[in-house]
Amino acid sequence: MQPFRKHTGVAVPLDRANIDTDQIIPKQFLKRIERTGYGEFLFYDWRFDSDGTPLPEFVLNQPQYRAASILIAGRNFGCGSSREHAPWALAQHGFRAIIAPTFADIFSNNALKNGLLPVALAESAVCELMRRAERAPFELTVDLEALSVSAADGFEAKFHINEFARHCLLNGLDDIGLTLQREADIARFEAARPAWMPSLTASR
Amino acid sequence: MDKKPRTLFEKIWDAHVVAQSAAEPSLLYIDLHLVHEVTSPQAFDGLRQAGRRVRRPELTVATIDHNVPTTPDRLVIQDPVAAAQIRALRRNAEEFGITLFDIGSGRQGIVHVIGPELGLTQPGMTIVCGDSHTSTHGAFGALAFGIGTSEVEHVLATQSLQQHKPQTMLVRIEGALPAGVTAKDMALGIIGRIGTDGATGHVVEYAGEAVRSLSMEGRMTLCNMTIEAGARAGLVAPDEATFSYLAGRAYAPQGAAWDAAVARWRTLPTDPGAEFDRIVEIRAEELEPYVTWGTSPAMVVPVTSAVPDPRNAASEAERQGAARALEYMGLVPGTPIDTIPVDRVFIGSCTNSRLEDLRAAARVVNGRKVSARVRAMVVPGSEAIKRSAEAEGLHRVFLAAGFEWREPGCSMCLGMNPDILAPQERCAATSNRNFEGRQGRGGRTHLVSPEMAAAAAIAGHFVDVRSFHLDRPNAASSVNPAQERTLNAAVS
Ligand code: SF4
């Protein structure tokens, strides 16, 4: 996993609440069997009309935001389907962090596993950033070591993230590798499982 | 040893913690891992690249549901990308030694339908799947939740998952459900009250008389939609209904093992005095048949009311959201719900495609005809359900009325197969998500119960199923031309 320590980039405002993963990456792009190739389909139905022509009014299509790497959005970002294709699409499009008042649980888990940082800030702080980003593109710095979001003009807000996720992100750790170190614990647990629990070995 | 009263959730959680340390999330053992074709290929690929194997292939089961066409010629998949995904699952199952209930095996179906049906889903278990509606299995008192593809890979490799302990929430529904009000309406009524993020970070346990009186099918519908309120999982305590549903199923324990299992299952329900982080109480009598009007399941009103006015929203953000949703849905505030015409009707999905749902819909349809303006389809949740329904003659009821009777799969719930809405087509659907474009770009989805969907198919518009006289064929089905014009004028 790509580590995340500190990132500075242009912020793009997407002022909608409950942005679901069906919008982030519509289903017609879920049929691939690879982990890559999703970036160009990010927010497809919002970015393009039915012939594939970009819709100029959609914020990601506006030239001043084209290089944005920090997305500012409304509450409950990433609700709905568990598709990890959503954080893949966001990351492959070039986003490194999403700032919103709240995130859906599964999305947040999936994002963290892909080096994409979900930053939950107070509704008022998100609102302030949203208004500023709408006026003109500006740069934000998201610092995972200092747990802060800041801008050159003195804006600063602190955020919270669980310590383990932070540790893994800072170091780009593979959590399967970490769990495999607990092999003995898993084997001990398995030995004590009741035999009547369903198992697919017996052909029935 | 003094025993602190524990909730059902806490008992399952405690029994599955493999290892715990202050610095890391708990490592939770997973009893059953369900796999489907869309969220698994990248996980198997990850295993291959790292040279890892599936730790417990016999606790892993796969099926094909999202992509599969629902027409009789479904074995030949036209869409080359979908076909590649299905081929990949077959190859992965073979390579890693996993049981696959393939198309035509007699056991294929929507992953959340076949788990319970085969008796794989049992009380007290931990169950995961790379699919958010894994919450369905909570109906049996199993801790079941959706995960992403990286976590799928983690479970394949380690049969465990790193998890932070969620909070608990009790939703108690006392009283008796009124006639014509179903488990689906219960789910929609709850989400309408608490919102799509009302249960974020929580595992919800449903309790109270109205929940106890639900069949297992009803409990599955209720738990299925728990994710739509943002919850990690939904739970109903196991009881006699649970045990009698499971007895004799293909993978349920038998003989002495059955007795041991039931004895353990009886210890699972929440102890008196156990505490929840949050409690929500609802009276069953206050629930009605619901219809969603917007693009989130929380945008819902009783069928007896009208499309709400965004100007009455509680906040500016909600007002904007509602206005945007109405524009997408092509609806005008104040329009009575029961004048909104429908073009399509979809009865199916992991929410409402079980035998009981099909029977309920068939009772409404029986002896009537689908409105000429409507194209309606029934998609059974599994091959087994389709067989049982046909044995009872339900397919004849639907076919005679003008419904299409399809092969099992997710179908128009998300339209990853050829079953999709055209732009601006309006659909009464028994599925669980009415997000923009969910059933096809520009498509307009209204979530309802199977009975309400059936009634809308006959009437050609939404109709209160309680006023639909079951003894009078076609009582509400005739829409005269003048009425048809009003119906069309009601929406833009
Ligand atoms: S029926 Fe719909 S919600 Fe259920 S698993 Fe299939 S796509 Fe997902």
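All of these numbers come straight from a predicted model, not from anything done at the bench. Chain naming here is simple, since letters A, B, ... match the order of the sequence lines and numbering starts at 1 in each.
In this structure, chain A has a heavy atom under 4.5 Å from the side chain of Gln122(B), while its backbone stays farther away. Heavy-atom distances place no part of Val152(B) under 4.5 Å from chain A, backbone and side chain included. For His164(B), the part lying near chain A is the side chain, with the backbone staying farther off; criterion is any non-hydrogen pair under 4.5 Å. When heavy atoms are compared at a cutoff of 4.5 Å, Phe164(A) approaches chain B by way of both its backbone and its side chain. Heavy atoms closer than 4.5 Å to chain B are found in both the backbone and the side chain of Ala187(A). Looking at Asp197(B), both its backbone and its side chain come within 4.5 Å of chain A, counting heavy atoms on both sides. Contacts of Ser150(B) with chain A are made by both backbone and side-chain atoms, with heavy-atom separations under 4.5 Å. With a 4.5 Å cut-off on non-hydrogen atoms, Ile147(B) touches chain A through its backbone but not through its side chain. Heavy atoms closer than 4.5 Å to chain A are found in both the backbone and the side chain of Glu153(B). Looking at Glu24(B), the atoms closer than 4.5 Å to chain A (heavy atoms on both sides) sit in the backbone and in the side chain alike. In this structure, chain B has heavy atoms under 4.5 Å from both the backbone and the side chain of Asp185(A). Interface residue Ala15(B): only backbone heavy atoms are found under 4.5 Å from chain A. Using a 4.5 Å cut-off between heavy atoms, Asp79(B) touches chain A through its side chain atoms alone. Only the side chain of Ile227(B) comes within contact range of chain A, with at least one heavy atom under 4.5 Å from a heavy atom of that chain.
Of all non-hydrogen atoms in Ala233(B) and Ser135(B), the two that sit nearest each other are CA-CB, 4.4 Å. Contact record, Gly124(B) with His16(B): O-CE1, 3.1 Å, taken as the closest heavy-atom pair. Taking every heavy atom of both residues into account, Glu40(A) and Phe48(A) meet most closely at O-CE1, 4.0 Å.
Put simply, the side chain of Arg438(B) gets close to the backbone of Cys413(B): a donor and an acceptor are under 3.5 Å apart. Judged purely by atom type and a 3.5 angstrom limit, Asn434(B) uses its side chain to pair as donor or acceptor with the backbone of Ser296(B). A donor-acceptor pair under 3.5 Å is formed between the side chain of Gln62(A) and the backbone N or O of Glu57(A). Counting only distance, with no hydrogens or angles, the side chain of Ser26(B) and the backbone of Leu28(B) share no donor-acceptor pair below 3.5 Å. Between the side chain of Asn92(B) and the backbone N or O of Ala88(B), at least one donor-acceptor pair lies under 3.5 Å. Without hydrogens or angle criteria, Thr134(B) side chain to Gly130(B) main chain gives no donor-acceptor distance under 3.5 Å. Judged by distance alone, with hydrogens and angles left aside, the side-chain atoms of Asp131(B) form a donor-acceptor pair with the main-chain N or O of His133(B) at under 3.5 Å. Using modelled atom types, one side-chain atom of Asn61(A) and one backbone atom of Leu55(A) make a donor-acceptor pair closer than 3.5 Å. Side-chain N or O atoms of Asp49(A) include one that pairs as donor or acceptor with a backbone N or O of Thr53(A) at under 3.5 Å. A distance-only check finds no donor-acceptor pair linking the side chain of Glu318(B) to the backbone of Ser315(B) [under 3.5 Å].
Chain B is approached within less than 4.5 Å, heavy atom to heavy atom, by Leu30(A), Lys31(A), Arg32(A), Ile33(A), Glu34(A), Arg35(A) from residues 28-36 of chain A, ordered by number. Residues of residues 91-119 of chain A that come within less than 4.5 angstrom of chain B, heavy atom to heavy atom, are Thr102(A), Phe103(A), Asp105(A), Ile106(A), Asn109(A), Asn110(A), Lys113(A), Asn114(A) in numerical order. The contact list for residues 121-131 of chain A toward chain B, using heavy atoms and a distance under 4.5 Å, is empty. At a heavy-atom separation below 4.5 angstrom, chain B is approached by Arg75(A), Asn76(A), Gly80(A), Ser81(A), Ser82(A), Arg83(A), Glu84(A), His85(A) within residues 75-85 of chain A.
Salt bridge present: Glu183(A) and Arg55(B) bring a charged side-chain N and a carboxylate O closer than 4.0 Å. A salt bridge does not link Lys6(A) with Glu145(A): every distance from a Lys NZ or Arg NE/NH1/NH2 to an Asp or Glu carboxylate oxygen is 4.0 Å or more. Taking a cutoff of 4.0 Å between a charged side-chain nitrogen and a carboxylate oxygen, Arg91(B) and Asp45(B) do not qualify as a salt bridge.
In terms of heavy-atom pairs under 4.5 Å with chain A, the best-connected choice from Gln320(B), Glu37(B), His66(B), Arg56(B) is Arg56(B). In terms of heavy-atom pairs under 4.5 Å with chain A, the best-connected choice from Ile98(B), Thr39(B), Leu161(B), Thr200(B) is Thr200(B). Of the listed residues Gly177(A), Ala195(A), Pro194(A), the one with more heavy-atom pairs under 4.5 angstrom with chain B than any other is Pro194(A). When each of Glu190(A), Met197(A), Gln23(A), Arg16(A) is scored by its heavy-atom pairs under 4.5 Å with chain B, the top score falls to Glu190(A).
Using a 30° and 60° split on the angle between ring planes, Phe43(A) and Trp46(A) fall in the parallel class, below 30°.
Residue Leu147(A) holds its CG atom at 7.0 Å from NZ of Lys158(A), rounded to the nearest 0.5 Å.
In this structure, Arg132(A) is positioned above the aromatic face of Phe138(A), its NZ or CZ under 6.0 Å from the six-membered ring centre and within 45° of the axis.
Checking Leu120(B), Thr121(B), Thr126(B), Val128(B) one by one against Asp31(B), the side chain to side chain contact (heavy atoms under 4.5 Å, CB included) holds for a single residue, Thr126(B).
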